[in-house]
Student: 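To start, I am sharing the structure in question, which I have written as structure tokens.
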Amino acid sequence: QLQLVESGGGLVQPGGSLRLSCAASGFTLDYSAIGWFRQAPGKEREGVSCISQSGSRRNYVDSVLGRFTVSRNRALNTVYLQMNNLKPEDTAIYYCAAKNIDALSRHVCSTTWSEYDIWGQGAQVTVSS
């Protein structure tokens, strides 16, 4: 079974940090671009960040630029989202997702959720004092 499992969510004070992990089982992430998405109560799903299959391209939504960093560890078949200087407006359920790409697309990635095939179950991130 192809699965993505997020971990690392929790409750943190404003200004704090969390690192989300997205581990794959049943398949390798080596052939995938990975996206991170979030959904806050009453709001639409939002693309937060993505990393290309090659790792050479990383995109971020403006609201997290300079605070969040996406990375991948091929040996562990895991992708990470390091979140620093967290703000209350970052509170949401965070999802990672994978999509297989062809060789021509190995240096691009997208934060359009409909392009992704495999999704994790989500991890709650709450930023509150």
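Just so it is clear, the structure is predicted and the values come from calculations on it, not from any experiment. Side chains included, hydrogens not; waters and symmetry mates left out as well; all remaining heavy atoms used. Residue numbers start at 1 and run along the sequence shown.
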Student: If we only count heavy atoms from C-beta on, is the S49 to L81 side-chain gap below 4.5 Å?
Tutor: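 The answer is yes; the side chains approach within 4.5 Å.
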Student: May I ask you to check whether over 12 heavy atoms, not counting those of E89, lie within 6.0 Å of atom CD?
Tutor: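 Result for CD/E89: enclosed.
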Student: Once rounded to the nearest 0.5 Å, what's the spacing between atom CG of N77 and atom OG1 of T28?
Tutor: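 OG1 of T28 is found 4.5 Å from CG of N77.
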Student: Heavy atoms only: give me the nearest L4-I118 pair and the separation to one decimal.
Tutor: CD1-O, 3.3 Å
Student: Quick one: are the ring centres of Y95 and W113 less than 6.0 Å apart?
Tutor: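 Ring-ring flag for Y95/W113: false, centres at least 6.0 Å apart.
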Student: Starting from L2, can I reach I101 by hopping between I/L/V/M/F/W/Y residues whose side chains sit under 4.5 Å apart?
Tutor: no
Student: Working to the nearest 0.5 angstrom, can you tell me the gap between R19 CZ and M83 CE?
Tutor: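 If I round to the nearest 0.5 Å, the distance is 11.0 Å.
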Student: Can a donor-acceptor pair be found between the side chains of S54 and S52 at a distance below 3.5 Å?
Tutor: yes
Student: Please confirm whether R72 makes a cation-pi placement over W36, using NZ or CZ under 6.0 Å from the six-membered ring centre and within 45° of the ring normal.
Tutor: no
Student: Ignoring hydrogens and geometry, is there a side-chain-to-backbone donor-acceptor pair from R38 to I93 under 3.5 Å?
Tutor: no
Student: Less than 4.5 Å apart, any side-chain heavy atom of S32 and any of K99?
Tutor: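 They are not in side-chain contact.
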Student: How long is the span from the SG atom in C96 to the CG atom in L29, to the nearest 0.5 Å?
Tutor: 8.0 Å
Student: Which heavy atom in V79 sits nearest to a heavy atom in I34, and how many Å separate them?
Tutor: CG2-CG1, 3.6 Å
Student: Say whether, by atom type as modelled, one donor and one acceptor occur between the side chain of Q124 and the main chain of G9 under 3.5 angstrom.
Tutor: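 Here the side-chain-to-backbone pair does not exist.
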Student: Angle class for the F68/Y94 ring planes (parallel below 30°, perpendicular above 60°, tilted otherwise)?
Tutor: tilted
Student: What's the shortest heavy-atom distance between F37 and G47, and which atoms?
Tutor: CD2-CA, 3.5 Å
Student: What is the distance from atom CD of Q13 to atom CG of L86, rounded to the nearest 0.5 Å?
Tutor: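 Atom-to-atom, Q13:CD and L86:CG are 11.5 Å apart.
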Student: Is there side-chain contact between T111 and V61, with at least one heavy-atom pair below 4.5 Å?
Tutor: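 T111 vs V61: side chains apart.
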Student: Would you say the side-chain atoms of Y31 pair up with the backbone N or O of A103, donor to acceptor, closer than 3.5 Å?
Tutor: no
Student: For the side chain of N59 and the backbone of I51, is there at least one donor-acceptor N/O pair under 3.5 Å apart?
Tutor: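 Side chain of N59 to backbone of I51: no pair is present.
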Student: Taking all heavy atoms of Q121 and all of V5, pick out the closest pair and write down the distance.
Tutor: OE1-CA, 3.6 Å
Student: Examine the side chains of T126 and S128 and answer whether a donor and an acceptor come within less than 3.5 Å of each other.
Tutor: no
Student: Applying side-chain contact (heavy atoms from CB on, under 4.5 Å), run through Q53 and N100 and close with a yes or a no.
Tutor: CA-CA 9 Å; Q53 182 272 336; N100 283 339; over 6 Å; no
Student: Compare every heavy atom of G122 with every heavy atom of E6, then report the nearest pair and how far apart it is.
Tutor: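 Closest approach of E6 to G122, heavy atoms only: OE1-N, 2.8 Å.
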Student: Any chance the side chains of N73 and T78 put a donor and an acceptor closer than 3.5 Å?
Tutor: no
Student: Any chance you could lay out the side-chain hydrogen bond (donor to acceptor under 3.5 Å, both in side chains) test for S110 and T112, step after step, and finish with the verdict?
Tutor: CA-CA 5 Å; S110 167; T112 302; 3.3 Å; yes
Student: Side chains of V125 and L18: does their closest heavy-atom pair fall under 4.5 Å?
Tutor: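 Yes. Closest side-chain heavy atoms under 4.5 Å.
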Student: Could you tell me whether R74 atom CZ has more than 12 heavy atoms of other residues or ligands within 6.0 Å of it?
Tutor: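 Yes - once you tally the heavy atoms of other residues, nucleotides and ligands closer than 6.0 Å, there are more than 12.
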Student: Would you say Y60 and C50 make side-chain contact, with heavy atoms under 4.5 Å?
Tutor: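 They are not in side-chain contact.
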Student: Work out which heavy atom in S63 is nearest to a heavy atom in E46; give both atom names and the distance.
Tutor: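 Where S63 meets E46 most closely, the heavy atoms are OG-OE2, 4.1 Å.
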Student: Same cluster or not: V108 versus V48, using hydrophobic residues (I, L, V, M, F, W, Y) connected whenever any side-chain heavy atoms lie under 4.5 Å apart?
Tutor: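 No: no chain of side-chain contacts under 4.5 Å links V108 to V48.
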Student: Quick check for you: to the nearest 0.5 Å, what is the distance between C109 atom SG and R57 atom CZ?
Tutor: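 Reported to 0.5 Å precision, the distance equals 6.5 Å.
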